[in-house]
2 protein chains.
Amino acid sequence: MSHTLGIRQAQKQKTRQALLDAALGLLEEQSLSSLGLREVTRAVGVAPTAFYRHFRSTADLGVALVEEALGSLHPMIQNTVAGARSSEERITRAVELIAHHVHTQPAHVRFIARERHGGVQPVREAIRSQLGRFAEEVRAELAKDPESAGWSEDDLLMLAHLFVDQMLVTASLFLESLEAPEEEQERVAQLVTRQMRLISIGRHHWLD
Amino acid sequence: MSHTLGIRQAQKQKTRQALLDAALGLLEEQSLSSLGLREVTRAVGVAPTAFYRHFRSTADLGVALVEEALGSLHPMIQNTVAGARSSEERITRAVELIAHHVHTQPAHVRFIARERHGGVQPVREAIRSQLGRFAEEVRAELAKDPESAGWSEDDLLMLAHLFVDQMLVTASLFLESLEAPEEEQERVAQLVTRQMRLISIGRHHWLD
DNA sequence: AATTCCGGAGAACAGTTGTTAACTGGATGA
DNA sequence: TCATCCAGTTAACAACTGTTCTCCGGAATT
């Protein structure tokens, strides 16, 4: 199915990816709204004008980064939420997944946390849209759970949003403790696990 | 007690406040890391160099804005959490307080949400510190509640952080619905109320 | 083999930025 | 009254920004 790209398109995608990577690196110490187009091209080693061959503006590049950071995460979350027998196991798996992802893709996580409420409207919108999809997918998985019997669609979506937000809080905390000693990271893991456990308990008794 | 300031110091504080106000306005459409010093002075109508009489840099100004936005909020939260007879009343009062504050100080709320994970380290640190104080104060109030009997200090602080984070989620949602029709704002209020209610239920059954 | 296509380079544009130094004039305190 | 102080001004610096237009050379197409 996958068609072999011509030399030309392959080179184009290569520089495009180089621009995305360079931008992601530069964004570790600043926000997207202060990221300059020349700054990015300088980091890659191409002429400033080459930028326009790939993106209309840095805001446009930001939207592409949102896709890269969150687009491939949907199946992971699906599997994590779905393939668990108990609530406790679901929590453990979720925390482990998040911790692992923060360790392997810290720049992506930082970018999302930073730009979710950042100064670039199209990027905020793109993130909002992706998180909305996550919430909807979590809701669908929760609906399959026998424990969700008697729950309204509205309440299920409410709980799903609570879980998604809590995932971001968790990711952000892991990110801050990334340079800290191992024991501090373990402390964070214990904290967020108990928080999700408390939410899970609230879910159990919601219909009382 | 309050000493009447001389003409000189009064004028100085006046321009200082004008700089803070102008910056806060400009930050509605961008992040602090892209805010220029000249941009701020131009908006106020003073020479660029006058900026240095008040702040070392825009990052310094950002830290001052954190104080202004969060410093005066401590007694409000204290009163809201303390002066409630039931959990349900506490939730209602908290949601009303947040909604009111978002309507009266939207720029402050936006600034905090934006810069909490923003690109300026000293500002992130200042916000972190203030939120830590909030969590500690909420913990102290929760500790007084008879329902907290049997809770460990650690678990109380865990719950306090959960509440503080949920307050920010709530404020952010209200902020996004600020331009939306009244019915949408009511929908948001219902959503966040149910989320806090679920957390509150989790608290009730934590020791089971 | 000849032609078109197109990602990238180069140069130049006006406009912006942070920071320095030296200066002004009214409030302040002796 | 006179000297001091100091918030704000003016001018100038090199360095940077986004954007336009023109051009090049190799890949793609015919």
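Below, chains carry the letters A, B, ... as their sequence lines are ordered, and counting in each starts from 1.
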Requested in this report: Would you kindly say whether A:His101 and A:Glu96 are connected by a side-chain donor-acceptor distance under 3.5 Å?
Outcome: no

Query raised in the report: In whole angstrom, what separates A:Leu32's CG from D:dG18's P?
Result: 12 Å

Query - Separation of C:dG15 C1' from B:Arg38 CZ (nearest whole Å) - result: 11 Å

Query raised in the report: Between D:dT19, D:dG26, C:dT17, which nucleotide gets closest to the side-chain atoms of B:Glu39?
Result: C:dT17

**Report entry** Heavy-atom donor-acceptor pair, A:Arg8 side-chain to C:dC5 base, under 3.5 Å
**Finding:** yes

Query raised in the report: Tell me: CZ of A:Arg53 to C1' of D:dT19, nearest whole Å?
Result: 13 Å

Report summary line: Of the candidates D:dT9, D:dG18, C:dG8, the side chain of A:Thr15 sits closest to C:dG8

Requested in this report: Look only at the side chain of B:Glu39 and the backbone of B:Gly36, and say whether a donor-acceptor pair between them is shorter than 3.5 Å.
Outcome: yes

Query raised in the report: Given atom CG of A:Leu37 and atom C1' of C:dA9, what is their separation to the nearest angstrom?
Result: 15 Å

Query raised in the report: Would a distance-only check, ignoring hydrogens and angles, find a side-chain to backbone donor-acceptor pair under 3.5 Å from B:Ser172 to B:Leu168?
Result: no

Requested in this report: Send over the distance from B:Arg56 CZ to C:dT20 P, rounded to a whole Å.
Outcome: 13 Å

Requested in this report: Counting heavy atoms from C-beta on, name the nucleotide in D:dG18, D:dA7, C:dG8 closest to the side chain of A:Tyr52.
Outcome: D:dG18

Query raised in the report: Between B:His54 (NE2) and D:dA7 (C1'), how many Å, whole number?
Result: 7 Å

Requested in this report: Answer with yes or no whether the side chains of B:His74 and B:Gln130 bring together a donor and an acceptor at under 3.5 Å.
Outcome: yes

Report summary line: Sorted by position of nearest nucleotide on DNA chain C, 5' first, the leading residue of B:Gln9 and B:Leu35 is B:Leu35

Query raised in the report: For the side chain of A:Val46, counting heavy atoms from C-beta on, which of D:dA11, C:dA9, C:dT16 is nearest?
Result: C:dA9

Query raised in the report: Could you state the CD-P distance from A:Gln11 to D:dG26, rounded to the nearest angstrom?
Result: 13 Å

Query raised in the report: Do other residues, nucleotides or ligands put more than 12 heavy atoms under 6.0 Å from A:Glu88 CD?
Result: yes

Report task. Please evaluate the base of D:dT20 for a donor-acceptor partner in the side chain of A:Thr49 within a cut-off of under 3.5 Å? Result -> no

Query raised in the report: Checking all strands, does A:Arg42 fall into the base, sugar-phosphate, or nothing category for heavy-atom contacts under 4.0 angstrom?
Result: sugar-phosphate

Query raised in the report: Starting at CD1 of B:Ile7 and ending at C1' of C:dT28, how long is that distance when rounded to a whole Å?
Result: 10 Å

